[in-house]
**Q** 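Pasting a structure below so you can have a look.
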Amino acid sequence: MFNLILFGPPGSGKGTQSEKLTAKYNLKHLSTGDLLRSEIQNKTPLGNEAKKLMDKGHLVPDEVVIGMISTALDSNPKCDGFLFDGFPRTSAQAEALDKLLDLKKAPIAAMLALDVSEEELVKRLLKRGETSGRSDDNNDMVIRERIEQYNRKTAPVADHYKEAGKVVMVKGEGSVDEIFSALCKEINSRIKTKA
Ligand code: ADP
């Protein structure tokens, strides 16, 4: 099993690159944002509670997303590996993920971290808000709050994997294909080192 984390602030391109990466490397895409939006669409109690927080730009409680990831890992016992997108977003989530993957003897191979300036992030998110239908994308204040939450709670998660030498910074500005090539280069070198 080959497990990767695609890391970066809101609007850094994780969703776009995840689609391309999962197709190329045959990984199962696990996006907590997508899982939560699907709960919202199905109007489940979990979705209704999560929506209140997401609309303010706040994080959903750790136990909720950890539970969703744990279920998803168990539902896909035979896949070649997972690409985690938008998870882990707090240190507690990172610790829980390590434990879950330890049980499967399949640790994180690398954390690929997309680097994008804050100015560019806000521009991209407002543009996405014009068409995405996501209520957290069309409000400047909510976008700023999401970036603030990222800087405060999520950015430190990289330190957790840095200690293990697993963090790879990749420039997240440029064309989608340029960024994809840079990510593939890093992944290929990790696959080779493993072999
Ligand atoms: P983006 O990266 O563009 O903010 P996501 O789809 O990853 O978009 O997340 C949207 C929202 O869903 C977040 O602002 C947060 O409220 C919630 N969310 C997603 N993943 C997590 C997580 N791992 N922990 C807590 N909240 C999460």
Side-chain angles (χ1 to χ4, degrees), residues 3-19 21-22 28-42 44-73 82-101 108 111-158 160-161 170 172-173 176 179:
N3 296 318
L4 292 171
I5 297 172
L6 190 55
F7 193 70
S12 56
K14 300 186 297 290
T16 306
Q17 296 296 336
S18 288
E19 267 181 45
L21 291 170
T22 46
K28 171 79 187 160
H29 182 202
L30 288 186
S31 154
T32 38
D34 287 352
L35 292 170
L36 288 166
R37 278 184 291 276
S38 142
E39 296 279 342
I40 293 175
Q41 220 163 13
N42 294 328
T44 66
L46 189 158
N48 294 339
E49 284 309 305
K51 183 170 177 7
K52 292 183 206 155
L53 294 163
M54 290 163 77
D55 281 350
K56 283 191 255 177
H58 295 167
L59 294 183
V60 170
D62 287 334
E63 38 313 345
V64 173
V65 284
I66 292 167
M68 288 192 325
I69 287 290
S70 174
T71 306
L73 290 179
F82 295 96
L83 176 70
F84 298 95
D85 160 6
F87 182 92
R89 242 177 169 97
T90 63
S91 301
Q93 292 177 24
E95 278 161 28
L97 179 62
D98 284 354
K99 285 206 185 104
L100 289 170
L101 293 179
I108 291 297
M111 169 184 262
L112 303 163
L114 290 169
D115 189 22
V116 178
S117 73
E118 182 162 335
E119 197 193 330
E120 172 74 13
L121 294 176
V122 177
K123 217 169 69 188
R124 285 187 193 176
L125 289 168
L126 284 170
K127 185 149 184 280
R128 184 168 81 185
E130 290 169 10
T131 53
S132 70
R134 277 180 57 168
S135 45
D136 58 347
D137 276 348
N138 52 25
N139 178 315
D140 193 70
M141 290 288 286
V142 175
I143 289 175
R144 295 275 172 200
E145 176 61 22
R146 282 158 63 200
I147 295 174
E148 156 72 17
Q149 295 259 337
Y150 173 85
N151 289 334
R152 200 148 41 89
K153 298 181 183 160
T154 306
V157 174
H160 178 94
Y161 293 96
V170 174
E173 295 186 38
V176 168
I179 300 164

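On a predicted model such as this, the values are computed, not experimentally measured, just so you know. Just so you know, ligand 1 is whichever comes first in the structure, and atom 1 is the first atom listed for that ligand.
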**Q** Which residue and non-hydrogen atom of the protein lie closest to atom 18 (N) of ligand 1, and at what distance in Å?
**A**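 The closest one turns out to be L36 CD1, 3.5 Å.
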
**Q** Is any side-chain N of the basic residue among E148 and R152 closer than 4.0 Å to the acidic one's carboxylate O?
**A** yes

**Q** I'd like to know whether H160 forms a side chain to side chain donor-acceptor pair (under 3.5 Å) with D98, so could you lay out the CA-CA distance, the side-chain angles of the two residues, the decisive distance to 0.1 Å, and finally the verdict.
**A** CA-CA 10 Å; H160 178 94; D98 284 354; 2.7 Å; yes

**Q** Which residue supplies the protein heavy atom nearest to atom 8 (O) of ligand 1, what is that atom called, and how far is it?
**A** R134 NH2, 3.1 Å

**Q** Identify which of H58, Q93, R146 has a heavy atom lying nearest to atom 16 (O) of ligand 1.
**A** H58

**Q** Using a strict 4.0 Å threshold on nitrogen-to-oxygen distance, state whether K123 and E119 make a salt bridge.
**A**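 No, K123 and E119 are not salt-bridged.
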
**Q** What's the shortest distance from atom 26 (N) of ligand 1 to any protein heavy atom, and which residue and atom give it?
**A**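 Result: V60 N, 3.0 Å.
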
**Q** Hey, does F84 have a side-chain heavy atom less than 4.5 Å from the side chain of L97?
**A** yes

**Q** Before signing off on this row, confirm whether P9 and ligand 1 have an N or O atom pair separated by under 3.5 Å.
**A** no

**Q** Do E118 and R144 sit within salt-bridge range, that is, some charged N less than 4.0 Å from a carboxylate O?
**A** yes

**Q** Evaluate G86 for polar contact with ligand 1, using N/O atom pairs at a separation under 3.5 Å.
**A**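 G86 vs ligand 1: N/O contact under 3.5 Å present.
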
**Q** Report yes if some N/O of R128 lies less than 3.5 Å from some N/O of ligand 1; otherwise report no.
**A**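 Among all N and O atoms of R128, at least one is under 3.5 Å from an N or O of ligand 1.
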
**Q** In terms of atom number and element, which parts of ligand 1 are under 4.0 angstrom from non-hydrogen atoms of F87?
**A**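 Under 4.0 Å from F87, ligand 1 has these atoms: 23 (N).
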
**Q** Between R89, Q149, K14, R124, which one has a non-hydrogen atom sitting closest to atom 7 (O) of ligand 1?
**A**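 Among R89, Q149, K14, R124, the closest heavy atom to atom 7 (O) of ligand 1 belongs to R89.
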
**Q** Before signing off on this row, confirm whether T32 and ligand 1 have an N or O atom pair separated by under 3.5 Å.
**A**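 Yes, there is a polar N/O contact under 3.5 Å.
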
**Q** Could you please spell out the steps behind the salt bridge (charged side-chain N to carboxylate O under 4.0 Å, His left out) verdict for R37 and D136?
**A** CA-CA 11 Å; R37 278 184 291 276; D136 58 347; 5.1 Å; no

**Q** Taking the side chain as everything from C-beta on, heavy atoms only, tell me whether Q17 gets closer than 4.5 Å to V176.
**A** yes

**Q** Among protein heavy atoms, which sits nearest to atom 11 (C) of ligand 1, and what does the distance come to when rounded to 0.1 Å?
**A**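 Answer for atom 11 (C) of ligand 1: M54 CE, 3.7 Å.
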
**Q** Begin from the C-alpha positions of L126 and N139 and carry the test side-chain contact (heavy atoms from CB on, under 4.5 Å) through to its verdict.
**A** CA-CA 7 Å; L126 284 170; N139 178 315; over 6 Å; no

